[in-house]
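One structure follows; several queries about it will come next.
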Amino acid sequence: CSSTIKLEEPPKAQLDSELTMDLQWQIEQADMPNGDTRGLAIEQSADKVFVANSQGFITALQKDNQSRWTDQVLWENRFDEVITAGPSLDGSNLYIGTAKGRLKALNPRNGEMHWQVQLSSEVLGKPTVLGDAVYTRTVDGKVYALNRRDGKVIWVSEHQMPSLSLRGAPEVLPTADMVFVAWETGIIQALSTVSGELQWEARIAIPSGRTDLERMVDVQANMLVQDGVLYALGFHGKLAAINPANGNFVFIKEVSGFRDFVVDEQSIYLVDENDVLYAFDNKSGTQLWKQQSMKNRFVGDLEMYKDQLLVTDAWGYVHWFNKLQGTEQSRYQHSNEYGDGDKIVRAEVDGDSVYLFDGDGLISRYLVRPSNLAQFRKEYGDTWY
Amino acid sequence: CSTISNLVEKPDEDKTVAEFYEDATEAFASEQWDVAIEEYEKLKAYFPYGNFAEQSYLELAYAYYRYDEPESAIRELEEFMRLFPKHQELPYAYYLRALAADSITRSWLDKFITDPASRDTKSADRAYGYYVELINRYPNTDYARQASKRLLILRNQMARHQVQVAQFYLEREAYLAAVNRARRVLEEYPNAAETGEAIRILAYSYDKMGMTQNRDDALKVYTLNQDKFKVSRSTDDDMEDLANPNRSYWDRFVDSFKGLFGG
Amino acid sequence: FVVEKITVEGANRIGYETINSYLPVTKGEFLSSTLTKQTIERLYKTGFFDNVSIYQRGQGELVIDVVERPSISEVKIEGNKLIETEVLEDALQTLGIKKGRIYNQLDLDRIIIDLKRRYQNQGYYAASVSIESTELARNRVDLLIKIVEGEPASMGRIALVGNEVYSDRRLKGIMALSETGVFGLGDSYSKPKLEADMEKIRSFYLDRGYAQFKIDSSQVSLSTDKTKVFTTINMKEGDRFTLSKVAFTGETIISQEEIDRITDVQAGDIFSRSKIIDAVNIIRERLSEEGYAFAEVEPDTIINPTDKTMDVTFKIEPKDRVYIRYVDFEGNTRTRDHVIRRELRQLESAPYSLKAVRQSQSRLERLGFFKSSKIETKRISDDQVDLIVKIEEQPTGSFTAGVGYSQVDGVSFNIGLSERNFIGSGNKLDLQINTSSARKTADIGITNPYFTEDNVSLGMGLYFREIDAEELDVADYTTNNFGFRTSLGYPLSENNTLRYGLKFDAQELVCANTFNYCKDYIDDFGDKTNSVQASLSWIHNTTNSFYFPSKGQKTTLTLEAVVPGTSDAPFYKVFAEENLYLPMTKNLSLHLKGGLAYGDGYGDIDILPFYENFYAGGIGTVRGYEPNSLSANYDLDTDGSDRPVGGNTRVLTTVEMISPVPFVEDSSNQRISWFFDAGYAFNGLSNAKFNDMRASVGVGYSWITPVGPLTFSVAQPLNEQEGDETQTFQFTLGTAF
Amino acid sequence: CSYLEPYKAPVTQGNVMTQESVDLLQEGLNQAQVRKLLGPPMGANAFNPYHWEYIFYTTDEASKVEVRKLLILNFDNNKYLKDWNIKAANVDMIDEETFFGL
């Protein structure tokens, strides 16, 4: 069944793609009609891949290619609750959060449930783990720190929610002594890892405009720390580099977006709310390049593939962009057994292979290799034409 | 004879304000109220400025009044009063507004058969209020003199309404109700024509209820001002038969038909 | 400086005197700085001007330079599909944006917000509104409002958290918002709907014992492409409570056991908020029936969480007994005061009684003079109240007049006036005169329903009739009669009336020469019959409206008989009719009607004279069949005519569902009815056989027009036999009610 | 033939006074207190503010009101209750003979 997006696809430039992908295996879980997939992720361990589906499926798959697809699936569990967050893996547990407000810890080997705890509302933030605590966010403005072994609540911190916000909540970013939480009110808070008390607070988006719609200022993108600087991006807000110790701003850039961004040693790569790609220097914040070719293509969260930027869109295309100039290098159209390419929910890079989880509930593993044209040109050099 | 130019109907956009006004007043003069109303409304929309517009408010209101749409006439006049608080024609506006409100209560039958007193008092109150406002604002205009005459009639009409209701309750031997209705005439319409009638009902009802002292006081007041009270429409026969319920069948038979045609 | 002269520049819409009237400064006055500030402020406050500036020119001349705000000449809207243009225009009018109004820049932002908010309330989150204004000559401006509606946000998913006892499916069942259904037409989300749904869930739980049920919070979130809306409702059910003690304290006025009888809140029940609210209303209503119109009943509950029980005590405070000061009427522009007042059962200077007010209300509606009548109470003091009776007049009669010409009839002239509230006097006047070659009838009747104060009604009338019956498609004979009738109505109780009357009738029977059955009759009984007919009927009427009752019952039993010895063809007739109106829903009601008529001669003739026969068929009896056709027919060769005979026994039944006309807002004087009619006229009680009855099904429409009541019906006969003449479409105008 | 009397709508007038509220009357009460006890003074003298009269009468057999009396109250000139007396309320109701309601 096709995705709900009825809009026609905006035109795209002709490109001889340098890379292409070969499908290794493709497993189907269940269709996800209303696309509530913000909190879902593809979690990988050394040899396994775990994927959760909002219709309640959680599946563990072998990474390498098995001859029969039945061996590909290690185990699969079905809960009659809507899964809204996870899975996320730590040494001994596989965590998933559901719409009935329960956080469940499963045994990664066979899917049995170690423990589960009832929280106050839908678990939306993908659980994150540090030390012996697991952190997650619920939709009613609460952040929970729970004991990893038995799910007991260590501490809870609450925040006043706006009347209307974007669906989904970012991950909680735990560090040694402070835990960073991004809220739908455009505020970033640092809470003590031990007690959850507020250490400092920084506002990177100020609600303005008249209707609830205009006043939405969610900090939806996951925050990242890179060589001692905390980076955060707010919707209708700003890109901010913050000193994690005290919350002061290192620099601020006027750009608004809600998709996850990527940071490497020199720069930050992000996509803004109108699907325009940007790169900024991660020390000074000066803009390096800007790429408009993906406008109105509903770009997904950004990923790094080796030294290129991996970008997915709503028509099932995977794009590779050159990190330095921001030019599109390659493009590949993912398609599933229903023929038409579908909105890619999540892409996960693992060395040379890329896992794709799409809106029809299909998980596929691709092996990336240079395209025939690139090989041809390599052999014969440029003199060929 | 009208010139050819305005025989050919020019499209509204490029008609000048004078032409609009001319068409309107022409219809106004020949008392084609609906055409006049339409032209004045167009004039106000296209040329909301200048003394043409100012003048058209009043004439539009008069057209509505004559076209028997008192509510819209009142609305136009109140808009005029708001826009031109110092206009020299304001007394006329207040007078026309009072006339329009008054026209709701009157019907052409009143001259022969029906009595307005027995109908809706609320619109009579409103007309009364507009007349009073006119007299307070512009006491020495001839509009005020007209208004005061009409005030008297309205007051008597409202007093007569109270007396009719008192008589209604009297016939049904609800004497306390009759008493309080009669007192309402004394309190709200002190020197209306019906005061005499009211006091007689008062005395009669007190008597019927055995409230002798109340009755005696009422009688005292009645005899003191006997001459001042204008005789009520029914002949000034004595107290007894004023509301004698067991009148003969014949009386009642005639009354029912009088009721059919009479007031 | 001292002001000698004041000139105004730049004003052409607002006249000089108007500006002058607002000026605090007058000629010859010293112009101080406070005065100038005051003038500017005053002129701004009028809202007519964009800019006001004052300066001095030459010696003592005060110049006031104003820039008038342009007025709007044209407002165009484009791009709106969901909300029609006039709705938007009304909205603009309320915001003061109309052709000819003053145009103010600040208003535009307000308009954009308002229009956007209208769309957002309809769930069009992605809608955008922009306004362009183009300058025109003579300081006027054209406004163009551009709207891009985008896709409506449909409901993504509703998450209910914390509901253990009742399943998601059960709770979502009672919610108005529904998830994106299989058909893809998900409910478009709007905030008011969510709040209403949360209230529904709360009362669902509170009515099933969960006294401590609480909705902690609810969140609304929007998918990034603004097309899917996700709602989360977090709740705590708490425990289920039963009532351990129910007490009624305070001055209860009515006895304790009566309270228990009328309320159904007892110890041991499961706690239910709606039951408690009902109990409060029942008690308050009962107290106001005793005259305590402003009684207050306060239920307060004490929860003992340990054993999960609750005590409910109703604190009853009757306050002062209330009396009626005045009863005034509003809106009776035609009907006279006493015509309304005599119907009321609540007197002035008397204790307030809800029963009397309700009775007055239903009597006013049964009168049928008014489109609507409502009694409202206006509080005067702690112990006195005024009743305001608000009525809306409507035409209460029908008037037809006409001149016609047809070859058969020649010139015909007719005038018909039947007015039930003649010039507001409450009296009924019927006047029917029509003359043509074949028909000369005149009928004048007047009735005064209140001949005495106690609703004893007296009516009388003269009639003259000379018809050639052939036209009436009844039989080939004519009866010419003239006479005088009088009737007296006589109330036995609030709902029962006795009506008796006398009719002095002189009749002459003339047969068509072919109709030998009629000629034999004349040989036996002669053609001239004078008679005095007496009638006695008992009417029980509790219906709640004259034209379109939806509740109540109307039973009429009538005996009509010729006074013995006054006629040589004495007969008697008995009518019995029962109408039952049962309200099914708020505006749908079921009407059951059964009618029986039987007549026979007595004394020296043993059959009902054929010209007095009953007939069935047509509107009013059995719709869908030719009028008067449902009976046996004469047989052509022996009787000389094949027309229907009629019968001395008629049975009629009707079952119909009556409802206001859908899609019409004010259908107070129109009704649609889906009916089943059945009936037949039998000749002789003995051969009344059930399967002779003809039946039909169909839909009827009736409308009270200024000219008179109008009824249409389209009927489908069910068991017509050969020889029946059916008529699917029938209509009548001005049927006498 | 009186049993065929036409139905006359009941006529009820005046204040419903309970025996105990009448007993509570005492000298020195101001007009507001009297009003609290007996209800609005609908029978107050039109021309003499110091003289009130209360009455209750009804033709409704089903009425359960016990006190059907005429109370005459006089107040001194600063409107304190001076004296009052209670008389039977005999309202002169006409019970007319009707011939078949006419």
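Here is the naming used below: chain letters follow the sequence lines, and residue numbers restart at 1 for every chain.
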Could you name each residue pair satisfying side chain to side chain donor-acceptor pair (under 3.5 Å) that touches residues 136-149 of chain B, not counting sequence neighbours?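 Listed once each, the pairs are B:Tyr94-B:Arg137.
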If you compare all heavy atoms of B:Tyr175 against all heavy atoms of D:Gln13, which two are closest, and at what distance to 0.1 Å?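 Taking every non-hydrogen atom into account, N-OE1, 3.8 Å.
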How far does CG of B:Leu176 sit from CG of D:Asn15, to the nearest 0.5 angstrom?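 Result: 7.5 Å between the selected atoms.
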How long is the span from the CZ atom in B:Arg183 to the CE atom in D:Met42, to the nearest 0.5 Å?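 If I round to the nearest 0.5 Å, the distance is 11.5 Å.
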Is it true that atom OH of B:Tyr67 has more than 12 heavy atoms of other residues, nucleotides or ligands lying nearer than 6.0 Å?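 For B:Tyr67, atom OH is not crowded (no more than 12 foreign heavy atoms under 6.0 Å).
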Are any of the side-chain heavy atoms of B:Leu202 and D:Phe47 separated by less than 4.5 Å?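 Yes; the side chains approach each other to less than 4.5 Å.
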Under 3.5 Å, side chain of D:Glu53 to main-chain N/O of B:Met211, donor-acceptor pair present?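 No, because the side chain of D:Glu53 does not come within donor-acceptor range (under 3.5 Å) of the backbone of B:Met211.
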Under the salt bridge (Lys or Arg N to Asp or Glu O under 4.0 Å) rule, collect the residues that match up with B:Arg184, sequence neighbours excluded.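 For B:Arg184, the residues satisfying salt bridge (Lys or Arg N to Asp or Glu O under 4.0 Å) (neighbours in sequence not counted) are B:Glu188, C:Asp328.
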Contacting moiety of B:Asp217, where chain D heavy atoms sit under 4.5 Å: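 Contact with chain D is through both the backbone and side chain of B:Asp217.
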What part of B:Gln213 is in contact with chain D, defined as an atom under 4.5 angstrom from a non-hydrogen atom: side chain, backbone, both or neither?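 Both parts, backbone and side chain.
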Please state whether the side chain, the backbone, both or neither of D:Ala9 comes within less than 4.5 Å of a heavy atom of chain B.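 No part of it gets close to chain B.
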